[in-house]
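Single-structure report; data block below.
Every chain is numbered from 1 and lettered A, B, ... according to where its sequence line falls, protein lines coming before strand lines.
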There are 2 protein chains.
Amino acid sequence: MTQAAPNLDDLIANPDGPLAQFLCFSVYSTGLAFNRLYKPLLDRLGLTYLQYITLIALSRRDDQTVKELGEALFLESNTLTPLLKRLEASDLLTRRRDTADERVVRLALTAQGREVLRKARCVPEEVLEATGMAVEELIALNDQLKALRGHLQAGAR
Amino acid sequence: MTQAAPNLDDLIANPDGPLAQFLCFSVYSTGLAFNRLYKPLLDRLGLTYLQYITLIALSRRDDQTVKELGEALFLESNTLTPLLKRLEASDLLTRRRDTADERVVRLALTAQGREVLRKARCVPEEVLEATGMAVEELIALNDQLKALRGHLQAGAR
DNA sequence: CGCATATAAATCGCACGCGATTTAATCGCA
DNA sequence: TGCGATTAAATCGCGTGCGATTTATATGCG
């Protein structure tokens, strides 16, 4: 640890300071690192990370709408529609117009979609090991990030 | 807080549990939230978030190579080359082959690049406010994320 | 009913990220 | 010196993310 600890000056008064002191960059680059860790694990199943979390989200409840899925994933139809079409083409889910409201598309996992998720059951444990951190620490980190995300969403409005 | 606190079972034995309990997802979605917060601030300068952190990284030292920049940003030439060409086309930086080693491309901000960064000086403070968290908390979170990123990189190898 | 408004999803264009490969230049070692 | 191995950057294809717009349907209010 030759690097000085970040302080208020680094974060506020010194915007051109080391990149490492930008929280946004730590979030960004940790996201890249997670993606790189997941990639080989999910390649075995033919899934991307987004496809993986989409299947998990759908496994929690049948007949979710695109809008509901988007609220769970923090994404909108411009991202989800192409993704869902690819997953439908792979026979992992079905997309059906709601008969009561033809604007709505309802999503459901296929048997094959559930089968892929079953094969993916070992993934979280493998990822957990790779974090190399204590579970309590991960839980605390998770909670802090959720709080931060909430603030950022409020601030972006 | 109606939601039960996540525990070890949720994280390990219950991989199909609520998305919110996946740390990777919190990192992912917080990254999306940061991007959405930055977008209107950086649109004023005609920059994307990646372009913004690239200029900051280059402002720290002149004549960095693409490889060195990649190590700072955790990215490789397949991502950086098109990005750098766009920034060069916007006259924000220059790309020159190293005369001593023609394989290497050296990068330097132009006067206009430094000018854009100068205009961006207020951005970190605006973002900091939007986080709605105490500076000490942000620093702790930053440190934890950097540690996590380090573990993930080691685990992905 | 009739028509403006609102809503859900889809479409389009562009900028990332990245695996895989290619091109060009340098290195290493007999 | 020569030549295979290594390295730096570029290229290519594909899957996200997202702002902006479009299409189709439903709602609300006179």
Sugar-phosphate, base or nothing in reach of Arg95(A), heavy atoms under 4.0 Å: sugar-phosphate

Out of dG17(C), dA8(C), dG17(D), whichever nucleotide has its closest atom nearest the side chain of Leu75(B): dG17(C)

Between dC16(C) (P) and Leu42(B) (CG): distance, integer Å: 11 Å

Touch class at under 4.0 angstrom, heavy-atom based, for Thr79(B) against every strand present: base

Residue-phosphate contact under 4.0 Å: Lys85(A) side-chain N/O, dT11(C) OP1/OP2: yes

Distance flag, aromatic centroids of Phe22(B) and Tyr28(B), threshold under 6.0 Å: no

Comparing Asn78(A) and Leu32(A) on DNA chain C - which has the more 5′ nearest nucleotide: Asn78(A)

Under 4.0 angstrom between Thr81(A) side-chain N/O and dA10(C) OP1 or OP2: yes

Which nucleotide in dT25(D), dA9(D), dC16(C) has an atom nearest any side-chain atom of Thr65(B): dA9(D)

Between P of dC12(C) and CG of Leu80(A), the distance in whole Å: 18 Å

Atom-pair distance (CG on Asp98(B); P on dA9(D)), nearest Å: 9 Å

For atom NZ of Lys39(B) and atom C1' of dG19(D), their distance in whole Å: 8 Å

Tyr38(A) OH - dT16(D) C1' separation (whole Å): 17 Å

Of the listed nucleotides dG17(C), dT16(D), dG17(D), the one nearest the side chain of Arg36(A): dG17(C)

Distance in angstrom units between Asp63(A) CG and dA8(C) P, rounded: 17 Å

Phosphate OP1/OP2 of dT6(D): any Arg103(B) side-chain N/O under 4.0 Å: no

Least distance between heavy atoms, Arg44(B) atom then Leu41(B) atom: NE-O, 3.3 Å

Base of dG17(D) paired with side chain of Asn35(B) (donor-acceptor, under 3.5 Å): no

Carboxylate-amine/guanidinium contact Arg61(B) Glu68(B), below 4.0 Å: yes

DNA chain D: 5'-proximal contact among Leu50(A) and Thr99(A) (nearest heavy atom): Leu50(A)

Side chain of Val105(B) (C-beta onward), nearest among dA26(D), dA15(C), dA10(D): dA10(D)

Sugar-phosphate, base or nothing in reach of Glu76(A), heavy atoms under 4.0 Å: nothing

Salt bridge (Lys or Arg N to Asp or Glu O under 4.0 Å) partner of Asp63(A), chosen from Arg106(A), Arg95(A), Arg96(A): Arg96(A)

Parallel, tilted or perpendicular: ring planes of Tyr52(B) versus Tyr38(B), cut at 30 and 60 degrees: tilted

Any donor-acceptor N or O pair under 3.5 Å, side chains Ser26(B), Asn142(A): yes

Ser77(A) side chain near dA8(C) phosphate (N/O to OP1/OP2, under 4.0 Å): no

Distance test, side-chain N/O of Arg86(B) to OP1/OP2 of dC14(C), below 4.0 Å: no

Separation of atom CG in Leu84(A) from atom P in dG17(D), rounded to whole Å: 13 Å

side-chain N/O Tyr28(B) vs dT16(D) OP1/OP2, d < 4.0 Å: no

Length of the CZ-P vector between Arg97(A) and dA26(D), whole Å: 10 Å

Pair partner, dA10(D) [Watson-Crick or wobble, under 3.5 Å]: dT21(C)

